[in-house]
Amino acid sequence: MPPWIAFDVAKTPAINSRHRRMPATKAYAAQGPKTPLAPFQIDRREPKPNDVQLEILYCGVCHSDIHMARNEWQQTIYPVVPGHEIVGRVTAVGNKVTKFKRGDIAGVGVMVDSCRVCVNCKKGLQQYCKVGMVGTYSAREKSGDVTQGGYSKQIVVDENYVLRVSDKQPLAGVAPLLCAGITTYSPLRHWKVGKGHKLGVVGLGGLGHMAVKLGASFGAEVTMLSTSPDKEKDARRLGAHKFALTRDAAQLKQLAGYFDFIVDTVSAKHDYNVYLNLLNTDGVMMCVGAPPTPAEVALFTLIGGRRSLAGSGIGGIPETQEMLDYCAEQGITSDIEMIDIASINKAYERVLKSDVRYRFVIDMATLT
Ligand code: NAP
Ligand code: ZN
Ligand code: ZN
């Protein structure tokens with residue numbers, strides 16, 4: 001769940017909608033910023049005419065889940081069931097659903113609704129909905145219900161916010177594409193990164209490893225910029241042509257002014273100026289990592305080279321479908337470590353130590 005949506009919880013009605021409810025759904029939730037995730041039961045609505053009900057098979061673990069479970073962006077509504085990299089099997093559809101039928105494999109990403117009528121929604125940029133997109137968890141639906149995410153057995157979502165997923169790929173490796181995949185695909189496409197471009201990727205975690213794979217597949221020369229010397233071999237296997245250790249000033253000095261584009265995926269406070277200095281004239285640094293603290297930027301770093309510092313949030317529904325279809329065609333999935341749901345708190349600790357290789361995915365069959 002990205003932080004740029006400053007939806008005003010106080011203005012939305014805290015009522016429970018009168019939708020019919022299914023029997024309780026098993027889930028894992030955090031009850032507060034300092035409590036570990038633990039078993040919990042949630043109510044899901046019975047599918048309405050446009051709804052698709054999914055049995056969740058796999059759910060990726062995004063660093064945003066940790067920011068949100070711990071209220072680091074100060075917008076969490078507790079209890080919170082995180083999870084927005086969802087792949088599942090359709091178990092029921094409403095009578096007006098046309099895109100899905102029972103038995104189909106489908107995905108849900110970071111949002112489950114938006115206003116649908118603003119200029120951005122009409123362009124398919126629902127993530128930038130002028131009213132505010134409805135996040136997959138810890139957000140309020142139009143009905144007033146609070147959304148709950150994918151660390152659960154099933155979910156019910158309007159078909160317009162559900163993605164088609166090829167059943168020809170390993171589904172656990174597809175789940176992270178629903179956030180890590182689209183969040184890196186979208187800016188790379190927006191800035192038309194490809195052949196002849198030098199692309200730097202900062203941070204080899206969930207988003208970073210997808211940026212490497214996608215950047216290389218678009219034809220760019222990719223350099224991994226990492227704090228972890230032991231990730232060099234993996235970076236090259238994932239498609240990086242070069243590797244630089246960002247804690248080694250000499251290695252960075254050699255790359256001054258080198259890149260046309262940099263994607264910054266870092267989740268924690270760090271110095272952006274270090275990376276801006278690596279951009280060539282007219283270079284663009286796209287920030288997708290979302291540390292909770294504001295960044296300090298020395299503007300002369302931008303001025304002296306007409307450089308741009310930009311941000312990008314997930315991707316709209318049409319582009320997410322385009323990305324899933326592209327990855328299916330190219331055989332691109334995420335490199336994952338499958339975990340049981342009971343290991344989720346340990347997995348969070350490993351993510352925080354930059355020790356995920358390169359996305360944890362929960363096997364939801366272990367939620368019993
Ligand atoms: P992740 O798997 O934890 O990867 C982050 C990587 O950043 C780490 O593996 C590490 O790579 C590097 N890193 C961590 N701490 C660092 C530090 N202090 N200084 C320098 N590098 C550091 O996280 P993720 O799931 O990819 O998510 C990354 C960020 O993107 C999070 O803040 C998340 O909330 C945000 N996000 C944003 C969007 C969006 O729409 N914009 C969508 C999803 C996620 P090395 O070991 O290689 O240094
Ligand atoms: Zn995410
Ligand atoms: Zn809208």
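Computed from heavy atoms alone, side chains included, the values below leave out hydrogens, waters and symmetry copies. Small disclaimer: the values here were computed from a predicted structure and weren't measured. All residue numbers in this chain count up from 1 along the given sequence. Note that ligands are numbered from 1 as they come in the structure, with each ligand's atoms numbered from 1 the same way.
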note = Quick note on ligand 1: atoms under 4.0 Å from a heavy atom of V351 include exactly 3 (O)

ask   = Can you list the atoms of ligand 1 that are under 4.0 Å from a heavy atom of V356?
value = 2 (O)

ask   = Among I42, I155, I77, which residue meets the side chain to side chain contact (heavy atoms under 4.5 Å, CB included) test with Q148?
value = I42

task = Flag Y275 as yes when one of its N or O atoms lies below 3.5 Å from any N or O atom of ligand 1, and as no otherwise.
result = no

Side chains of M111 and Q126 in contact at under 4.5 Å (non-hydrogen atoms) = yes

remark   = So the angle subtended at the Zn ion (ligand 2) by H84 atom NE2 and C179 atom SG, rounded to 10 degrees, is 110°

message = Looking at the Zn ion (ligand 2), is there an N, O or S atom belonging to C62 that lies under 2.8 Å away from it?
response = yes

request  = For the residue pair E322 and Y185, confirm or rule out a side-chain donor-acceptor distance under 3.5 Å.
outcome  = yes

inquiry  = Please list, in number order, the atoms of ligand 1 under 4.0 Å from a heavy atom of G205.
reply    = 2 (O), 4 (O), 9 (O)

ask   = Taking the six-membered ring of Y258, is the NZ or CZ of K198 close enough (under 6.0 Å from the centre) and on axis enough (within 45°)?
value = yes

SG (C121) to the Zn ion (ligand 3) to SG (C118) angle, given to the nearest 10 degrees = 110°

query = For atom 24 (P) of ligand 1, which candidate among R247, E72, H63, R357 provides the closest heavy atom?
reply = H63

message = Pairs of nitrogen or oxygen atoms closer than 3.5 Å, one from M224 and one from ligand 1: do any exist?
response = no

ask   = Strictly by modelled atom types, are H270 and D264 linked by a side-chain donor-acceptor pair under 3.5 Å?
value = yes

task = Using the side chain to side chain donor-acceptor pair (under 3.5 Å) rule, take Y326 and S217 through it: C-alpha gap first, then chi angles, then the decisive distance, then the call.
result = CA-CA 10 Å; Y326 175 82; S217 90; 2.6 Å; yes

query = So is G311 close enough to ligand 1, meaning a heavy atom under 4.0 angstrom away?
reply = no

ask   = How does F360 reach ligand 1, by side chain, by backbone, by both or by neither, if only non-hydrogen atoms under 4.0 Å count?
value = neither

query = Can you tell which of C287, A268, G109 gets a heavy atom nearest to atom 15 (N) of ligand 1?
reply = A268

ask   = Does R359 approach ligand 1 within less than 4.0 angstrom via side chain, backbone, both or neither, non-hydrogen atoms only?
value = side chain

query = Do ligand 1 and G313 have nitrogen or oxygen atoms that lie under 3.5 Å from each other?
reply = no

query = What are the two closest non-hydrogen atoms of Y137 and H84, and how far apart are they?
reply = CE2-ND1, 3.6 Å

ask   = Testing R44, Q53, E55 for side-chain hydrogen bond (donor to acceptor under 3.5 Å, both in side chains) with Q154, which one passes?
value = Q53

S64-ligand 1 polar pair, N/O distance under 3.5 Å = yes

N or O contact, Y358 vs ligand 1, cut-off under 3.5 Å = no

ask   = With atoms numbered from 1 as shown, which atoms in ligand 1 lie under 4.0 angstrom from a non-hydrogen atom of T227?
value = 20 (C), 21 (N), 45 (P), 46 (O), 47 (O), 48 (O)

Options E232, H84, K231, ranked by nearest heavy atom to atom 9 (O) of ligand 1, top entry = K231

ask   = In terms of atom number and element, which parts of ligand 1 are under 4.0 angstrom from non-hydrogen atoms of S226?
value = 45 (P), 46 (O), 47 (O), 48 (O)

query = Under 6.0 Å between ring centres, would you say that holds for Y151 and F40?
reply = no

key: Closest approach of A69 to P82 (non-hydrogen atoms, all atoms of both residues)   = CB-CG, 4.4 Å

Ligand 1 atoms in contact with G203 (distance to a heavy atom under 4.0 Å) = 7 (O), 11 (O), 12 (C), 47 (O)

request  = Under 4.0 Å, heavy atoms only, figure out whether ligand 1 is touched by the backbone of A180, its side chain, both or neither.
outcome  = neither

inquiry  = Heavy-atom pairs closer than 4.0 Å: do any link ligand 1 to the side chain of T265, the backbone, both, or neither?
reply    = backbone

inquiry  = Out of all atoms in ligand 1, which are within 4.0 Å of some heavy atom of W73? Include the element for each.
reply    = 34 (O)

Polar atom proximity, L207 to ligand 1 (N or O, under 3.5 Å) = yes

ask   = Where do G173 and I336 come nearest, in terms of heavy atoms and distance?
value = CA-CG2, 4.1 Å

message = On a heavy-atom basis, which atom in G94 and which in P47 lie closest, and how many Å separate them?
response = N-CB, 4.5 Å

query = Does R189 make a cation-pi contact with F218, if we ask for NZ or CZ under 6.0 Å from the ring centre and within 45° of the axis?
reply = yes

request  = Please say which of R359, R237, R357 ends up in a side-chain hydrogen bond (donor to acceptor under 3.5 Å, both in side chains) with D335.
outcome  = R237

request  = May I ask you to list the atoms of ligand 1 that are less than 4.0 angstrom from any heavy atom of C179?
outcome  = 42 (C), 43 (C)

query = Looking only at N/O atoms, are I314 and ligand 1 under 3.5 Å apart anywhere?
reply = yes

query = For R102, does the CZ atom sit with more than 12 other heavy atoms under 6.0 Å from it, leaving out its own atoms?
reply = no

message = Counting only heavy atoms, tell me which of V201, V266, D355 gets closest to atom 7 (O) of ligand 1.
response = V266

request  = Return the option from L245, T183, T184, I182 holding the heavy atom at the smallest distance from atom 38 (C) of ligand 1.
outcome  = T183

key: NZ/K346: more than 12 non-hydrogen atoms of other groups inside 6.0 Å   = no

